[in-house]
Amino acid sequence: MVGTRIDGKIIAQSVKDRVKKATEELKKQGISPCLATILIGANSASATYVKNKHTACKEVGIATKDYKLDANITQSELTRIIDELNADKLVHGILVQLPLPKQLDTFATTSRISPLKDVDGLTPHNAGLLTMKKAALVACTPSGIMEMFDYHRIDIEGKNVVLINRSNLVGKPLYHLLLEKNATVLTCHSKTKNLSELCQNADIIITAVGNRNKFTLTSDMIKEGAIVIDVAISRFKEKLVGDSDYKDIIQKASFATPVPGGVGPMTVAMLLKNTITAASLSSQIV
Ligand code: GUN
């Protein structure tokens, strides 16, 4: 039986509709939510992602500040800009688009952001709170995936979940969000042995490798009725692809996400939601 497509564009729109209403409410209280983005260098994929984030902000009435910095900027110059934004009362969220050029330290950069403005949930403060079920600001892709499960009323409790990613932006926060919902979570990575066997046993597979030459998830690797969430997006044979071929996977899965049009739009929608949360947080501390 062919499975159900999890359409990220539709679910993202429902999140954006809610964010738009919340933005209007905040504006009535005199708070005009504002997101500052920092893009460093000329990575064309990153530039496209940031542009999409600005377009989405506009759609829901969130103001933006757009910093496009030279690829050769030093760590101390970048720190100065982040400190300025941390101190700016009119800016509620700060996003530094990753990956960074080689001379910059990702941890030093992201952990410089005020935890109250940390819309990526990457600061040690917010990442730590997440492990204790107390985070207000959670990384956007993981929370977007949880929103997809909610939308389709997919019950996670007791399910065997295989995560194929261990990054700070995806795998680690997802691990905690899934654990909170009582899933049994296995985090896999490049050194994991018998990945195919582990996938065969999974009720839910969330994959974010992003290199088809190294890894492709095919229908013969999953069990009948499994749920497949494909987070990856990369260029392969002139096309934008995920880790799996949707047309193949959906023949055997009960639910699956396409690429593009799956997880990607959810990441953007959750960024908007986090910006609203950050704007509300700012009003509670003055
Ligand atoms: N690069 C790819 N995804 C993301 C994301 O969610 N946040 C940031 N800051 N950079 C990214």
Side-chain angles (χ1 to χ4, degrees), residues 8 12 15 35-57 62 64-69 71 73 78-79 81-82 85-86 91-102 104-115 117-127 130 135 137-148 163-177 206-211 229-235 240 242-243 257 259-260 262-275 277-278:
V15 174
L35 173 71
T37 63
I38 302 179
L39 172 67
I40 303 159
N43 178 326
S44 66
S46 290
T48 305
Y49 297 144
V50 171
K51 195 169 152 222
N52 291 344
K53 289 168 185 177
H54 280 262
T55 306
C57 282
I62 294 176
T64 53
K65 283 189 111 171
D66 189 5
Y67 288 75
K68 289 197 173 73
L69 307 179
I73 189 168
L78 178 58
T79 299
I81 291 168
I82 293 173
L85 291 170
N86 281 339
V91 170
H92 305 101
I94 303 170
L95 176 137
V96 180
Q97 186 67 26
L98 303 175
L100 297 177
K102 285 205 167 50
L104 298 170
D105 180 329
T106 303
F107 178 76
T109 303
T110 53
S111 59
R112 191 79 190 186
I113 296 169
S114 159
K117 299 189 179 188
D118 171 26
V119 285
D120 268 321
L122 280 173
T123 56
H125 183 87
N126 287 324
L130 178 61
L137 294 169
V138 177
C140 304
T141 301
S143 55
I145 292 169
M146 299 309 284
E147 195 76 32
M148 287 174 139
L163 283 179
I164 314 175
N165 185 285
R166 57 172 158 179
S167 68
N168 292 335
L169 263 176
V170 179
K172 285 181 197 148
L174 256 176
Y175 177 88
H176 293 289
L177 292 173
I206 306 177
T207 182
V209 176
N211 185 337
I229 308 294
D230 193 340
V231 184
I233 187 151
S234 63
R235 212 162 262 286
L240 280 180
D243 288 344
T257 57
V259 175
V263 175
M266 293 308 296
T267 301
V268 178
M270 299 317 278
L271 171 66
L272 306 178
K273 190 170 176 219
N274 277 351
T275 304
T277 303

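In each ligand, atom 1 is the first atom listed, and ligand 1 is the first ligand listed. Everything numeric in this text was worked out from a predicted model, so none of it was measured.
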Enquirer: Taking the side chain from Asn274 and the backbone from Gly93, do they hold a donor-acceptor pair closer than 3.5 Å?
Expert: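 It does not hold such a pair.
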Enquirer: Is it the case that Thr64 and Asp66 place a side-chain donor and acceptor less than 3.5 Å from each other?
Expert: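 No donor-acceptor contact under 3.5 Å links the two side chains.
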Enquirer: Between the side chain of Asn126 and the main-chain N/O of Pro115, is any donor-acceptor distance below 3.5 Å?
Expert: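 Yes, Asn126 side chain to Pro115 backbone: donor-acceptor pair under 3.5 Å.
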Enquirer: Please tabulate, one line per pair, the protein nitrogen or oxygen atoms found under 3.5 angstrom from a nitrogen or oxygen of ligand 1, with distances to 0.1 Å, or say none if there are no such pairs.
Expert:
residue: ligand 1; atom: 1 (N); partner: Gln97; partner atom: NE2; Å: 3.2
residue: ligand 1; atom: 1 (N); partner: Leu98; partner atom: O; Å: 2.9
residue: ligand 1; atom: 7 (N); partner: Asp120; partner atom: OD1; Å: 3.0
residue: ligand 1; atom: 7 (N); partner: Asp120; partner atom: OD2; Å: 3.4
residue: ligand 1; atom: 9 (N); partner: Val96; partner atom: O; Å: 2.8
residue: ligand 1; atom: 9 (N); partner: Asp120; partner atom: OD2; Å: 2.6
residue: ligand 1; atom: 10 (N); partner: Leu98; partner atom: N; Å: 3.0

Enquirer: Do you know which two heavy atoms are closest between Ala71 and Ile40, and how far apart they sit?
Expert: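 Where Ala71 meets Ile40 most closely, the heavy atoms are CA-CG2, 4.2 Å.
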Enquirer: Might you point out which heavy atoms bring Ser143 and Leu177 nearest each other, and give the distance in Å?
Expert: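 Looking at all heavy atoms of both residues, the closest pair is N-CD1, 3.9 Å.
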Enquirer: Using the side chain to side chain contact (heavy atoms under 4.5 Å, CB included) definition, which of the options Leu78, Leu95, Thr109 pairs with Ile38?
Expert: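 Exactly one candidate clears the test, Leu78.
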